[in-house]
Asks: 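What follows is a single structure, and I will ask about it in a moment.
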Amino acid sequence: MSNNAAGETPIPDLQFSDFPEDVQLCILSFLTPLEISSFASTSKRFLTLCRTDSKLWFSLCDRRWGSKTQIAKWGSGLISFKHLYRTLHEYENLIGFWRLSSSPRTQINTPNSTPIKPPALVFFEWGQSFITGSRVLPSENGGYDVVKLPFLWMGISPKGEIVNFLQPNSGLKLDSNSIKLCEMGSGEGELVCVDVNCMGDSHIVIEERVGFGGLRNNGNGNGNGVEGSGSPPDRLTSEMYQYFANRTSPGGERAWRRQRRREREKQGNKKWESEHFVKIVNYCPTSSRPLQGLWKGICEDTNLDFYLVAYDDIGGIACRRIGDSCKPFSSYAPVFWTSNTTFIESPFSSEEEHIYETREHLLPPGDILCSEMESVSRILYINSSYDLVLPGLAGPASVNPHQVEGRIWEYGDGSFGFGFLRDNHIIDLKHIAMDGWCLLDAIQPL
């Protein structure tokens, strides 16, 4: 009994085993699998409780992902929740934005059937009972809208096998019929069976699966929803082993040649060229890094473009374009940069007010400058990429401070615009995503 003041009814000391089972499961759902394993080893009763897959592991899955996806519908509701937990734990790292890092060799079709190079920005998100990967590109309506083109479907079959299907032309239609066919491992039409190979936490490779059917068993205990093999160096090691094994066996030379010939034939029948993606980790601003993240803005050519602003380890800021592959090194040379992140607070000097007021904001046709953007809260000095050139290649612009100096104007709503003294305009940037996972101004392709 616990101690109480004189005259009060004593309150009994409750132990964990005294709680109802549903309360126990609710408490255990806050733990990690490793912590639950340690807890289960304390008594036979708790071991029995923790072995109840339909209760404990469902509680774990529901607490962590229940608000994001429909737990009971994964694998048509026929897989164990322990297996589902392991798979979704791996899938969770995919959620968010990724950047295409390999040179695209194929083209995709836009909603109006115009062939273009694959956009560099990709967005992974939770679906009803699957993960979808979508290419994100500017819309053609001249505004801030973006088009989300689903191209990758990742799920689990009723047998607990990983199924990944890709539409090369980014025209993946996720209706109930196509989802059911994908879950059964029988994608229809032009769907290509692929592996999503993880090479660390921030690098994935999507490559066509050749010669292994539509499914890959994931019920062997490793629980990896994202495949960790099939890419170099694992494939190279396998080929080396096979080569030396064939060389030392009778008739090995002929067998090795036949195998290489079959592999070349398979490569020739591939519908999809492998693509590498790098994760964009910090794509949302924070209180200490207000400019950080993915942004979108109307450029000088009146087209919408994507920007990534990143803080480095020594306190500097650099901004680069994402997806503009028509210009050489456009994704490498910074649009602007600064090593001094100290803002100039209001009130501003008359010179700074003149610099801002004499410049035109680049806006979509018909848009009006909102009041939050008219009110500048802080100013930051920046430099353009003009002064980041190799010695001997510098033109007249690189030695003129007026050509490289610029400003960032932070507005009251947290967004900002930037411009340079050599220009007479301001490029205003808006958020691409909200709360880290909700894509803003997204429209569906026609």
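Since the model is a prediction, treat every value here as computed from it, not as a measurement. Any value given below was found using the heavy atoms of this structure, including those in side chains, with hydrogens, waters and symmetry copies removed.
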Asks: So among Tyr144, Trp295, Phe416, Tyr307, which one has a ring-ring contact (aromatic ring centres under 6.0 Å, His included) with His431?
Replies: Trp295
Asks: Can you tell if the side chain of Val146 reaches within under 4.5 Å of the side chain of Ile432, non-hydrogen atoms only?
Replies: no
Asks: A cation-pi test, strictly: NZ or CZ of Arg321 under 6.0 Å from the centre of the six-membered ring of Phe306 and no more than 45 degrees from its axis. Yes or no?
Replies: no
Asks: Got more than 12 heavy atoms from elsewhere within 6.0 Å of NE2, His425?
Replies: yes
Asks: Enter the distance from Arg289:CZ to Thr286:OG1 here, rounded to the nearest 0.5 Å.
Replies: 6.5 Å
Asks: Can you tell me how far the CE atom of Met154 sits from the CZ atom of Phe130, to the nearest 0.5 Å?
Replies: 12.5 Å
Asks: Among all residues two or more places apart in sequence or in another chain, which pass the side-chain contact (heavy atoms from CB on, under 4.5 Å) test with Ala310?
Replies: none
Asks: Write down the atom of Ile79, the atom of Ser157, and the distance for their closest heavy-atom approach.
Replies: CG2-O, 3.5 Å
Asks: So, taking the atom named CD1 in Ile344 and the one named OG in Ser377, what distance separates them when rounded to the nearest 0.5 Å?
Replies: 12.5 Å
Asks: Measure the shortest side-chain to side-chain distance between Leu380 and Thr342 over non-hydrogen atoms and say whether it is less than 4.5 angstrom.
Replies: no
Asks: Does any part of the side chain of Ile156, heavy atoms only, come nearer than 4.5 Å to the side chain of Thr87, both counted from C-beta?
Replies: yes
Asks: Assess, by modelled atom type and distance only, whether the side chains of Asn340 and Thr338 contain a donor and an acceptor separated by less than 3.5 Å.
Replies: no
Asks: When the ring planes of Phe97 and Phe123 are compared, do they come out parallel, tilted or perpendicular, using 30° and 60° as the limits?
Replies: tilted
Asks: Roughly how far, to the nearest 0.5 Å, is CG of Leu294 from OH of Tyr283?
Replies: 8.5 Å
Asks: Report the residues that fulfil side-chain contact (heavy atoms from CB on, under 4.5 Å) with Thr358, sequence neighbours left out, ordered by chain and then residue number.
Replies: His354
Asks: Measure from the ring center of Tyr356 to the ring center of His361 and say whether it is less than 6.0 Å.
Replies: yes
Asks: Side chains of Cys284 and Gln292: closer than 4.5 Å at any heavy-atom pair?
Replies: no
Asks: For Ile298, does its backbone N or O pair with a side-chain atom of Asp305 as donor and acceptor, under 3.5 Å?
Replies: no
Asks: Ion pair present between Arg422 and Glu405, side-chain N to carboxylate O less than 4.0 angstrom?
Replies: no
Asks: For Glu353, does the CD atom have more than 12 heavy-atom neighbours from other residues, nucleotides or ligands under 6.0 Å away?
Replies: yes
Asks: Quick one about Tyr411 and Asp428 (side-chain donor to acceptor, distance below 3.5 Å, no hydrogens or angles considered), yes or no?
Replies: yes
Asks: Measuring from atom CD of Glu125 to atom CD1 of Ile95, what distance do you get when rounded to the nearest 0.5 angstrom?
Replies: 8.0 Å
Asks: How far does NZ of Lys55 sit from SG of Cys26, to the nearest 0.5 angstrom?
Replies: 14.5 Å
Asks: Students often mix this up, so state it plainly: with edges at 30° and 60°, are the rings of Phe124 and Trp98 parallel, tilted or perpendicular?
Replies: perpendicular
Asks: Report yes if some heavy atom in the side chain of Ile280 is under 4.5 Å from a heavy atom in the side chain of Leu121; otherwise report no.
Replies: yes
Asks: For Glu351, is the CD atom crowded, meaning more than 12 foreign heavy atoms sit under 6.0 Å from it?
Replies: no
Asks: Of the options Asp195, Asn197, Leu94, which is the one that meets Ile204 in a side-chain contact (heavy atoms from CB on, under 4.5 Å)?
Replies: Leu94
Asks: Just checking, any donor-acceptor pair under 3.5 angstrom between side chains of Thr69 and Trp74?
Replies: yes
Asks: Glu92 and Trp65: side-chain donor and acceptor closer than 3.5 Å?
Replies: yes
Asks: Looking at Asp301, I'd like to know if its CG atom is crowded, meaning that more than 12 non-hydrogen atoms belonging to other residues, nucleotides or ligands lie closer than 6.0 Å.
Replies: yes
Asks: Taking the six-membered ring for Trp, are Phe418 and Trp409 ring centroids under 6.0 Å apart?
Replies: no
Asks: Could you work out, with side-chain hydrogen bond (donor to acceptor under 3.5 Å, both in side chains) as the rule, every residue matching Asp312, not counting sequence neighbours?
Replies: none
Asks: Salt bridge between Glu352 and Arg407, side-chain N to carboxylate O under 4.0 Å?
Replies: yes
